[in-house]
Amino acid sequence: MPDRMSLVDRHIGFVHALREAGVPVSVAEGLDAAHALRVIELADRESLRAAYAATLVKKPAYRPGFDVLFDLWFPAATTGMYAPRSDEAMNPETATVEELRDHLAGLLTGGTDPELERRTFRPESGSSRDQRGPSERDHSALREFAQAMVERFGRQPAGPGRQNWFSYSVMRALSPETLMARILRNILAGQERGGLAEKTVRQQVGTGIRRFEEAVATDVRRRIAEDSGIERIARSAVRPPLDQIDFLRVTKADLARLRREVYPLARRLAARLTIKHRKGRRGRLDFRRTMRASLQTGGVPLTTHFRPPRPHKPELVILCDTSDSVSSFAHFTLLLTYALREQFTKVRAFGFVDTVDEITRFFVPGADVVEAMTRLANEADMVRFGRTNYGHSLARFAERYGDAIGSKTSLLILGDARSNYQPPALDVLRSLVSRSRHAYWLNPEPRRQWDTGDSVAGEYGTVVPMYECRNVAQLTAFIENLA
């Protein structure tokens, strides 16, 4: 990273990197951030971080990526942090690994153990760090220690004049996760185990270990950026925000986090479909208001008034492709199905691969969603030969469950419309759609891939409106557009 990069260059590069990482930043918000820099102390790095976060970060989900990119574009100073040590203080370059582990244990406990506190590094006397509060001073010391450990253990040669930096070699050398037993033994000596004191220490040490790991990863990224360029490391260091992670590439950890996003979306989807039901409908004639209004026209009721229609919870039928090609998307749609059961007066869900089975029974109210998915995979009858066949599944659905769709039903189809070159059964789908009140198809593939290979998305799209739905952001946009 060029040392001579101006603040303007850093600002422009940082804002561009946020957009590349999926954090929406408008031109106006970029200007707001630039104006905020005029009223803060630029030498105070945390004030700079707070100013950028306040003007550019709209959702909590965007904050982790923001912090990673901020640390790359505005790295902490790393030179001159430690003065030469006396005999009592350890030198991070010459101390034994056991001494370093003792020192890390002292940092993780915030100096609550006298024996561990005695072995803490001494910062340069008179430094600004001494004047800070205890919590901030502890965090700074942990970060500086992490930088020193990356310098000692994180470097690996990669050829003449080149070197690589790794976090795992630091963690392997110090093994911070194995310090818990030692810390508990030293701090809780003579005290009852399993009580509040132990719980407090475990929580404090666990938080400290996570901070240390993050500090090591941050310094490794900084050093790689200095060698290879910020833009290169930024593209690989930041995962997309949760609402922009592709459904076809979600991990188990992502699905656990997505559960919190599903219930608000289910409520909004139910509200939008209710609005669609009510649009164009009128309630019973309001005779009193009509007669009162007729007094203005000599008793002639030129304007009629009606009572508001009664709120109506719509009925919903979900057809979900559960084949391996869209397994991650299927997991999310089943989470959505589980949440929708609480929002609709009647929900029937059907899964299919090359035949179809009703899976509503697995999502009874109060059931654990993970257990429901496990039972579904083991007990549902959705597979004959294991190759996706939309045409046969639609025909089988119409034959066995055609009565599930009526004039009050919204039909929601979830799948990639890839049918292994089998007949699509468009006439069957057309009949199902004609009997429903509304019908929508959500496709997890990018639109540019529709009608390639064995995809028949275009043909199905002529019968039922098909929407690209690759992530939570697109699902949210679809729900909002229903109104």
Side-chain angles (χ1 to χ4, degrees), residues 1-78 139 143 165 167 210-211 213-251 253-254 257-258 260-261 446 468 470-477 480:
M1 178 173 49
D3 292 333
R4 299 177 181 176
M5 185 184 294
S6 69
L7 180 59
V8 174
D9 292 334
R10 288 182 186 275
H11 171 80
I12 294 174
F14 178 50
V15 170
H16 178 72
L18 287 172
R19 291 175 181 145
E20 288 287 310
V23 179
V25 179
S26 67
V27 174
E29 289 164 344
L31 292 174
D32 288 341
H35 288 306
L37 302 186
R38 301 170 59 184
V39 297
I40 65 169
E41 177 56 56
L42 294 177
D44 186 344
R45 185 165 173 267
E46 292 309 310
S47 293
L48 183 64
R49 185 195 300 268
Y52 270 118
T55 51
L56 302 181
V57 179
K58 304 178 186 65
K59 296 181 179 180
Y62 298 154
R63 186 61 192 255
F66 165 88
D67 284 329
V68 169
L69 292 174
F70 180 87
D71 289 332
L72 287 174
W73 286 92
F74 301 95
T78 57
H139 296 170
R143 183 175 64 248
W165 299 93
S167 297
R210 289 192 295 272
R211 285 199 182 116
E213 293 174 345
E214 292 169 2
V216 169
T218 296
D219 195 58
V220 166
R221 285 192 295 265
R222 177 188 64 80
R223 294 172 188 269
I224 295 174
E226 289 177 348
D227 296 338
S228 305
I230 301 176
E231 293 82 0
R232 180 178 177 182
I233 186 63
R235 283 192 292 268
S236 60
V238 181
R239 290 205 71 200
L242 183 63
D243 63 350
Q244 296 184 27
I245 295 177
D246 197 318
F247 285 141
L248 296 179
R249 293 174 175 82
V250 295
T251 63
D254 293 329
R257 295 161 60 205
L258 282 171
R260 294 190 293 270
E261 303 287 332
E468 180 183 306
R470 298 170 53 200
N471 50 49
V472 170
Q474 288 186 337
L475 177 59
T476 302
E480 294 298 330

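Counting begins at 1 with the first residue of the sequence. Computed over heavy atoms, backbone and side chain alike; hydrogens, waters and symmetry mates excluded.
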Between V472 and F247, is any pair of side-chain heavy atoms under 4.5 Å apart? yes
Would you say that more than 12 heavy atoms from the other residues, nucleotides or ligands in this model lie under 6.0 Å from the NZ of K59, or not? no
Nearest-0.5 Å distance, CZ of residue R38 to NE2 of residue H35: 6.5 Å
What one should report as the nearest heavy-atom pair of A17 and W73 is CB-NE1, 3.6 Å
Would you check if the side chain of R19 reaches a backbone N or O of V25 as a donor-acceptor pair within less than 3.5 Å? yes
Please find the pair of heavy atoms, one from Q244 and one from Y62, that lie closest to each other, and give the distance. NE2-OH, 4.2 Å
For P75 and R222, the nearest pair of non-hydrogen atoms, with its separation, is CB-CD, 3.6 Å
For residues I40 and A51, report the shortest heavy-atom separation together with the two atoms involved. CD1-CB, 3.9 Å
Show your reasoning for whether side-chain contact (heavy atoms from CB on, under 4.5 Å) applies to F74 and L7. CA-CA 10 Å; F74 301 95; L7 180 59; 4.0 Å; yes
Any donor-acceptor N/O pair, R63 side chain to V57 backbone, under 3.5 Å: no
Can a salt bridge be assigned to the pair R49 and E46 using a cut-off of 4.0 Å between side-chain N and carboxylate O? yes
Mind checking whether H11 and Y52 have parallel, tilted or perpendicular rings, split at 30° and 60°? parallel
Hey, mind stepping through R221 and L69 against side-chain contact (heavy atoms from CB on, under 4.5 Å) and telling me if it holds? CA-CA 10 Å; R221 285 192 295 265; L69 292 174; over 6 Å; no
Is the backbone of D246 close enough, under 3.5 Å, to the side chain of R470 for a donor and an acceptor to pair up by distance? no
Drop me the distance from L37's CG to R10's CZ, to the nearest 0.5 angstrom. 12.5 Å
side-chain contact (heavy atoms from CB on, under 4.5 Å) between V23 and L56: does it pass, once the steps are laid out? CA-CA 9 Å; V23 179; L56 302 181; 6.0 Å; no
